Amino acid sequence: LNGQPREVTELPGGLTNHNYRVRTATADVVVRVSPPGTELLAVDREVEHHNSVAAAAAGVGAPVIHYLPGRGVLVVGFLTARTYSEADVAANLPRIAAALRRLHAGPPFAGRLDMFALQRRYLALAHDAGMRMPSGYDALAPIVARAEAALAAYPEPLVPCHNDLLAANFLDDGQDVRIIDYEYSGLNEPAFELGNIAQESGLEDAALVELVEDYYPRADARLLARARTWRAISGYGWTLWGVIQHAVSGIDADFWGWAMHKYDTAAALLQDPGFTDTLTVAAAAPTQSPPRLA
């Protein structure tokens, strides 16, 4: 694009990077510029680039135009589409499930996101640096350990997952739901993706049930219990993302308030009297005649 007249507009949103729409006579692209230090958040830019290309090949992500290794610059095609709100997520669950099936069945992703391992990494960083922590956070560790054991009993096969599907990462082009921003992408089990969507958009439990039914050809109580468990665990883990950003980010955002919202929601789910039963069902072996959703 050198030598061409261009129009550059900074795009709103984004809690880590700066995003610019760049238009010339021959191109319409988004240039994403990442600040140094995002390795603290366990972002691997090489993995992100690989997975962005794979997501585009699956027909879900934006086309990848260019990438500058080591410089924090990724260029993708601009998608003419509407960005979802949390209400839009709740209103479009069947279409979101269809997009996820395309992504999960697409070209292989690099990397692996293990939320339990990531949470431990974030926690060590926060404690070592003396960062401010939500009151009572560490006291929930025994419940989280039980959840980890339950989910490890009969895990789902790993598939290419986005892993960070807040509402703003869904774009609606009028025909399909597209998915952008693959910073935390990697192999994971589908139930994590579904539970994390519910957590990010504050879906009611009935909406999570619908999403599970829309996604799985043969949804059952075990898969729903896994998604419910991941909803709680993902919020507990991402709480520390906000804790770290509150301590180190130069972006003007209320990261502490964001972290506390995640924590309060996750703590309520983890301490709910029914969570023990959820873990029991999540840890069950798959059966030929699985119980229905409830």
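Note that the coordinates shown come from a computational prediction; the quantities given were computed from them, not determined experimentally.
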Over all atoms of both residues, closest heavy-atom pair of [X] and [Y]:
{"X": "Met260", "Y": "Pro134", "value": "SD-CB, 3.7 Å"}
{"X": "Leu166", "Y": "Phe170", "value": "O-CD1, 3.9 Å"}
{"X": "Val47", "Y": "Ser185", "value": "CG1-O, 4.1 Å"}
{"X": "Gly77", "Y": "Ala62", "value": "O-CB, 3.7 Å"}
{"X": "Ala126", "Y": "Val243", "value": "CB-CG1, 4.3 Å"}
{"X": "Asn19", "Y": "Asn17", "value": "ND2-O, 3.9 Å"}

*Take Leu203 and Leu93 through the side-chain contact (heavy atoms from CB on, under 4.5 Å) test and state the conclusion after the steps.*
CA-CA 10 Å; Leu203 296 181; Leu93 297 177; 4.1 Å; yes
How long is the gap from [atom1] on [X] to [atom2] on [Y], to the nearest 0.5 Å?
{"X": "Arg23", "Y": "Asp28", "atom1": "CZ", "atom2": "CG", "value": "6.0 Å"}
{"X": "Glu156", "Y": "Leu223", "atom1": "CD", "atom2": "CG", "value": "5.5 Å"}
{"X": "Leu113", "Y": "Leu187", "atom1": "CG", "atom2": "CG", "value": "10.0 Å"}
{"X": "Asn163", "Y": "Arg112", "atom1": "CG", "atom2": "CZ", "value": "8.5 Å"}
{"X": "Thr265", "Y": "Glu200", "atom1": "OG1", "atom2": "CD", "value": "10.5 Å"}
{"X": "Leu123", "Y": "Asp128", "atom1": "CG", "atom2": "CG", "value": "9.0 Å"}

So, does [X] use its side chain to make a donor-acceptor pair with the main chain of [Y] at under 3.5 Å?
{"X": "His246", "Y": "Gly257", "answer": "no"}
{"X": "Tyr84", "Y": "Ala90", "answer": "no"}
{"X": "Gln199", "Y": "Gly195", "answer": "no"}
{"X": "Arg226", "Y": "Leu151", "answer": "yes"}
{"X": "His18", "Y": "Val31", "answer": "no"}
{"X": "Tyr263", "Y": "Gly136", "answer": "yes"}
{"X": "Tyr137", "Y": "Tyr236", "answer": "yes"}

Please say whether more than 12 non-hydrogen atoms of neighbouring residues, nucleotides or ligands are located less than 6.0 Å from [atom1] in [X].
{"X": "His49", "atom1": "NE2", "answer": "yes"}
{"X": "Gln175", "atom1": "CD", "answer": "no"}
{"X": "Tyr154", "atom1": "OH", "answer": "no"}

If hydrophobic clusters are built from ILVMFWY residues whose side chains come within less than 4.5 Å, do [X] and [Y] share one?
{"X": "Leu171", "Y": "Val75", "value": "no"}
{"X": "Ile179", "Y": "Leu79", "value": "no"}
{"X": "Leu165", "Y": "Leu158", "value": "yes"}
{"X": "Val29", "Y": "Val8", "value": "yes"}
{"X": "Ile251", "Y": "Tyr122", "value": "yes"}

*Between the side chains of Asp88 and Ser85, is a donor N or O closer than 3.5 angstrom to an acceptor N or O?*
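Yes, Ser85 and Asp88 have a side-chain donor paired with an acceptor closer than 3.5 Å.
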*asked:* Testing the 3.5 Å rule here: is there a donor-acceptor pair between the side chains of Trp238 and Asp164?
replied: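 No, because no side-chain N or O of Trp238 sits under 3.5 Å from a partner of the opposite role on Asp164.
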_Test side-chain contact (heavy atoms from CB on, under 4.5 Å) applied to His104 - qualifying residues, sequence neighbours left out_ =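 Partners of His104 under the side-chain contact (heavy atoms from CB on, under 4.5 Å) test: Leu100, Val159, Cys161, Pro190, Glu193, Tyr215.
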Aromatic rings [X] and [Y]: how do their planes relate, parallel, tilted or perpendicular, breaks at 30° and 60°?
{"X": "Trp241", "Y": "Tyr184", "result": "perpendicular"}
{"X": "Phe109", "Y": "Tyr182", "result": "perpendicular"}
{"X": "Trp230", "Y": "Phe192", "result": "perpendicular"}

[Y] and [X], any side-chain heavy atoms less than 4.5 Å apart:
{"X": "Val53", "Y": "Tyr67", "answer": "no"}
{"X": "Asp205", "Y": "Arg228", "answer": "yes"}
{"X": "Val64", "Y": "Leu74", "answer": "yes"}
{"X": "Leu224", "Y": "Glu213", "answer": "no"}
{"X": "Glu7", "Y": "Arg21", "answer": "no"}
{"X": "Asp138", "Y": "His127", "answer": "yes"}
{"X": "Ser234", "Y": "Lys262", "answer": "no"}
{"X": "Asp220", "Y": "Val212", "answer": "no"}

*Passing candidate, salt bridge (Lys or Arg N to Asp or Glu O under 4.0 Å) with Asp173, options Arg95, Arg82, Arg178*: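 It is Arg178, the one option of Arg95, Arg82, Arg178 that forms the salt bridge (Lys or Arg N to Asp or Glu O under 4.0 Å) with Asp173.
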*From CA spacing to verdict: side-chain contact (heavy atoms from CB on, under 4.5 Å), Glu148, Gln119*: CA-CA 12 Å; Glu148 182 172 14; Gln119 185 270 340; over 6 Å; no
*Could you walk me through whether Met131 and Leu240 pass the side-chain contact (heavy atoms from CB on, under 4.5 Å) test, one step at a time?*
CA-CA 10 Å; Met131 295 178 184; Leu240 296 179; over 6 Å; no
*Salt bridge between Arg45 and Glu183, side-chain N to carboxylate O under 4.0 Å?*
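Salt bridge between Arg45 and Glu183, a charged N being under 4.0 Å from a carboxylate O: yes.
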